[in-house]
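Notes follow once the structure below has been shown.
Bear in mind that the values here come from a model prediction, so they are computed numbers and not experimental data. All residue numbers refer to positions in the sequence shown, counting from 1.
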Amino acid sequence: MASALGRVREDDRAVKDLILEALDVIGSDDFDRYFDLFTDDAVWMMPSSFKDVHQDEARSFYRFTRKFKFDQETVVDEVVVSEDWAYVRLNFEGYLRPKIDDSAPPLRSASRHIWILKKQVDGAWKIARDIWNSPKPTS
């Protein structure tokens, strides 16, 4: 029983570290590292689309990050770790600020995500699914 509890704590810590690393990368100028945190067969369920997106298409979609800096508050609403799977429910809200043109106005950005994480054969955790939507502003 003690070894099972130790694994749970170890997995909880590893999942937390992955979440914190992902949030750090999202706010950094090296967004390409974000994709290192995903499984090779990761799937993104994009807002307003019936088509799932895989790594190559996700990289293409996120090319805009070369021109913008994420200036967002993040709230992690829920983290559940269960054996080799975990999920994280989180919200991003703030602005995308142009990196080059300081006179350009920032773009409002809000999104809600569920990240589904999978424990890999080597014991590392990676994001396997990103399911998200972009809520309409309330004001």
Side-chain angles (χ1 to χ4, degrees):
M1 182 170 188
S3 63
L5 289 175
R7 276 195 309 275
V8 168
R9 278 189 232 113
E10 184 178 311
D11 285 338
D12 288 347
R13 193 171 18 259
V15 165
K16 177 184 172 187
D17 289 347
L18 175 62
I19 295 165
L20 292 174
E21 183 177 4
L23 297 178
D24 183 56
V25 169
I26 289 168
S28 78
D29 285 329
D30 188 12
F31 195 87
D32 285 341
R33 287 188 306 133
Y34 184 59
F35 299 100
D36 296 339
L37 307 177
F38 285 82
T39 62
D40 291 338
D41 63 346
V43 174
W44 284 256
M45 291 175 66
M46 306 294 264
S48 303
S49 177
F50 287 109
K51 182 180 178 290
D52 291 341
V53 172
H54 299 275
Q55 279 264 8
D56 290 341
E57 292 169 295
R59 284 179 188 274
S60 179
F61 172 82
Y62 281 108
R63 280 192 192 127
F64 78 88
T65 61
R66 295 178 182 141
K67 296 179 182 177
F68 292 93
K69 173 113 175 117
F70 286 87
D71 181 11
Q72 299 176 314
E73 294 290 320
T74 305
V75 175
V76 177
D77 292 313
E78 185 176 15
V79 178
V80 175
V81 180
S82 180
E83 298 183 20
D84 292 345
W85 292 92
Y87 73 85
V88 183
R89 190 167 51 87
L90 61 163
N91 296 293
F92 297 96
E93 188 170 354
Y95 295 91
L96 301 176
R97 299 194 185 279
K99 289 181 180 179
I100 297 173
D101 185 0
D102 290 339
S103 65
L107 302 172
R108 186 86 177 119
S109 176
S111 60
R112 303 182 72 221
H113 295 252
I114 292 178
W115 289 342
I116 300 175
L117 286 57
K118 183 162 180 25
K119 190 173 186 178
Q120 304 300 287
V121 174
D122 67 359
W125 285 85
K126 291 200 170 196
I127 304 168
R129 303 291 183 265
D130 184 352
I131 304 164
W132 61 289
N133 69 23
S134 298
K136 302 223 182 305
T138 56
S139 51

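With a 6.0 Å radius and a threshold of 12 heavy atoms from other residues, nucleotides or ligands, Lys126 has its NZ atom above the threshold. Atom CG of Asp40 sits in a sparse spot, with 12 or fewer heavy atoms from other residues, nucleotides or ligands closer than 6.0 Å. The environment of Asp56 atom CG is sparse: at most 12 non-hydrogen atoms of other residues, nucleotides or ligands sit within 6.0 angstrom. Counting non-hydrogen atoms of neighbouring residues, nucleotides and ligands closer than 6.0 angstrom, the CE atom of Met45 reaches no more than 12 such neighbours.
How far CD of Gln72 is from CG of Leu96: 6.0 Å, rounded to the nearest 0.5 Å. One finds the CZ atom of Arg59 at 5.0 Å from the CD atom of Gln55 (value rounded to the nearest 0.5 Å). Taking CG of Asp52 as the start and CE of Met46 as the end, the distance is 10.5 Å to the nearest 0.5 Å. Between Thr65 atom OG1 and Asp32 atom CG the span is 6.5 Å, to the nearest 0.5 Å. For the atom pair CD1 (Ile127) and CH2 (Trp115), the distance works out to 4.5 Å, reported to the nearest 0.5 Å.
Heavy-atom minimum distance, Phe68 versus Pro98: CD2-N, 3.7 Å. For the pair Asp41 and Arg129, the tightest heavy-atom approach, listed with the atom from each and the gap, is O-NH1, 3.4 Å.
In this structure a side-chain-to-backbone donor-acceptor pair under 3.5 Å is present from Gln120 to Lys118.
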Test salt bridge (Lys or Arg N to Asp or Glu O under 4.0 Å) on Asp30 and Arg33; report intermediate values, then the result. CA-CA 6 Å; Asp30 188 12; Arg33 287 188 306 133; 3.2 Å; yes
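For Ser134, the side-chain contact (heavy atoms from CB on, under 4.5 Å) partners are Pro47, Ser111, Trp132, not counting sequence neighbours.
The pair Lys99-Asp29 meets the salt-bridge criterion, since a charged nitrogen lies less than 4.0 angstrom from a carboxylate oxygen. Using a 4.0 Å cut-off between charged nitrogen and carboxylate oxygen, Lys119 and Glu83 do not count as a salt-bridge pair.
Remark: Arg112 fails to qualify as a cation-pi partner of Phe92 under the 6.0 Å distance and 45° angle criteria applied to the six-membered ring.
Below 30°, between 30° and 60°, or above 60°: for Phe38 and Tyr34 the angle between ring planes is above 60°, a perpendicular geometry.
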